[in-house]
Amino acid sequence: MTLEATLAAEPTDDGVAFTLTVTNTGSEPVQARFTDAGRADVAVYDGDREVWRFSAGRMYAQVMGSERFEPGEPRSFDAAWRDPEPGSYTAVGELRASDRSCQARTEFTV
C-alpha cells in the first residue's frame, strides 16, 4: 500500500502553477485520513528559507474526512503562487493525510 507523488512547477504569466499528483502504486486500495478539508500543500524554499506556502493564511473547514486511492489511480492537487520574485527555488508538495506520508520536490526558476 504505497502512495507516491510527483510535483510539477510551471511558470505562468502571473506566477507559478503547481500540480501535486499522488498515485497508488500498490495492488490494494489505500485509504488516507485527513483532519480538515485541506488535502495537499506546497511550500517553496530559497535554500533553507521558506519563502511561500500555499496553506499560509488559508482557512480550511474543520471536518474529518478520508480519500480512497485505487491501485494505479492518480489524483492531482493544484496550487498557484502569484507574483514571485525572480530566482531559483525548490518546491515541496505534500499530501496532508494524518496517517500517510507522501511528498515530492522539484527545482524551478522564475
Side-chain angles (χ1 to χ4, degrees):
M1 299 192 329
T2 303
L3 295 178
E4 293 186 11
T6 59
L7 180 62
E10 296 294 327
T12 64
D13 290 340
D14 62 347
V16 181
F18 299 100
T19 302
L20 177 68
T21 302
V22 177
T23 304
N24 176 357
T25 60
S27 59
E28 299 289 326
V30 172
Q31 194 80 14
R33 291 180 180 80
F34 299 88
T35 59
D36 61 28
R39 296 300 191 243
D41 202 4
V42 176
V44 175
Y45 296 87
D46 182 359
D48 291 336
R49 184 175 61 93
E50 184 176 296
V51 295
W52 178 83
R53 179 174 289 273
F54 179 71
S55 63
R58 294 182 186 273
M59 296 182 67
Y60 296 103
Q62 299 298 305
V63 293
M64 302 282 286
S66 64
E67 300 268 342
R68 182 180 169 104
F69 292 82
E70 296 296 332
E73 174 190 13
R75 185 145 331 138
S76 294
F77 305 90
D78 298 319
W81 183 20
R82 303 287 180 231
D83 300 320
E85 293 292 321
S88 294
Y89 300 98
T90 301
V92 178
E94 180 176 27
L95 190 67
R96 297 182 66 221
S98 61
D99 61 343
R100 304 274 173 209
S101 178
C102 183
Q103 72 174 214
R105 58 188 330 117
T106 191
E107 309 283 326
F108 69 99
T109 300
V110 176

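Predicted, not measured: the structure shown is a model, and the values here were computed from it. The first residue of the sequence shown is numbered 1, and numbering continues consecutively from there.
Taking OG1 from T23 and CG from L3, the interatomic distance works out to 8.5 Å, rounded to the nearest 0.5 Å. In this structure, R96 CZ and Q103 CD are separated by 13.5 Å, a value rounded to the nearest 0.5 Å. Atom OG1 of T19 and atom CD of E10 lie 7.5 Å apart (nearest 0.5 Å). How far SG of C102 is from CD of E4: 8.0 Å, rounded to the nearest 0.5 Å. For the atom pair CG of D78 and OG1 of T21, the computed distance is 8.0 Å after rounding to the nearest 0.5 Å.
For F108, the ring pair (Phe, Tyr, Trp, His ring centres under 6.0 Å) partners two or more places apart in sequence, or in a different chain, are F18, Y89. Partners of T35 under the side chain to side chain donor-acceptor pair (under 3.5 Å) rule, at least two apart in sequence or in another chain, do not exist in this structure. By the side chain to side chain donor-acceptor pair (under 3.5 Å) test, E67 pairs with R39, R75, sequence neighbours left out.
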For F77 and V42, run side chain to side chain contact (heavy atoms under 4.5 Å, CB included): C-alpha distance rounded to whole Å, both residues' side-chain angles, the deciding distance at 0.1 Å, then the answer.
CA-CA 10 Å; F77 305 90; V42 176; over 6 Å; no
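P84 and G15 get closest at one heavy-atom pair: CD-CA, 3.5 Å. Contact record, A32 with F69: CB-CE1, 4.0 Å, taken as the closest heavy-atom pair. In plain terms, the two heavy atoms of F34 and S66 that are nearest each other are CD1-CA, 4.2 Å. Here the shortest heavy-atom pairing between T106 and A9 reads CG2-CB, 4.0 Å. D46 approaches V51 most closely through the heavy-atom pair CB-CG1, 3.8 Å. The minimum heavy-atom distance between A40 and F54, with the atom names listed, is O-CD2, 4.5 Å.
Under a 3.5 Å cut-off, the side chain of S98 and the backbone N or O of R33 do form a donor-acceptor pair. The closest donor-acceptor contact from the side chain of R105 to the backbone of L7 lies at 3.5 Å or more, if one exists at all.
A heavy-atom distance below 4.5 Å is found between the side chains of Y45 and R53. For the pair N24/E73, no side-chain contact is recorded, criterion being any heavy-atom separation below 4.5 Å from C-beta on.
Heavy-atom contacts from other residues, nucleotides or ligands closer than 6.0 Å to CD of E70 number more than 12.
Put simply, V110 and V92 are part of two different groups of oily side chains (I, L, V, M, F, W, Y) that touch within less than 4.5 Å, one to the next.
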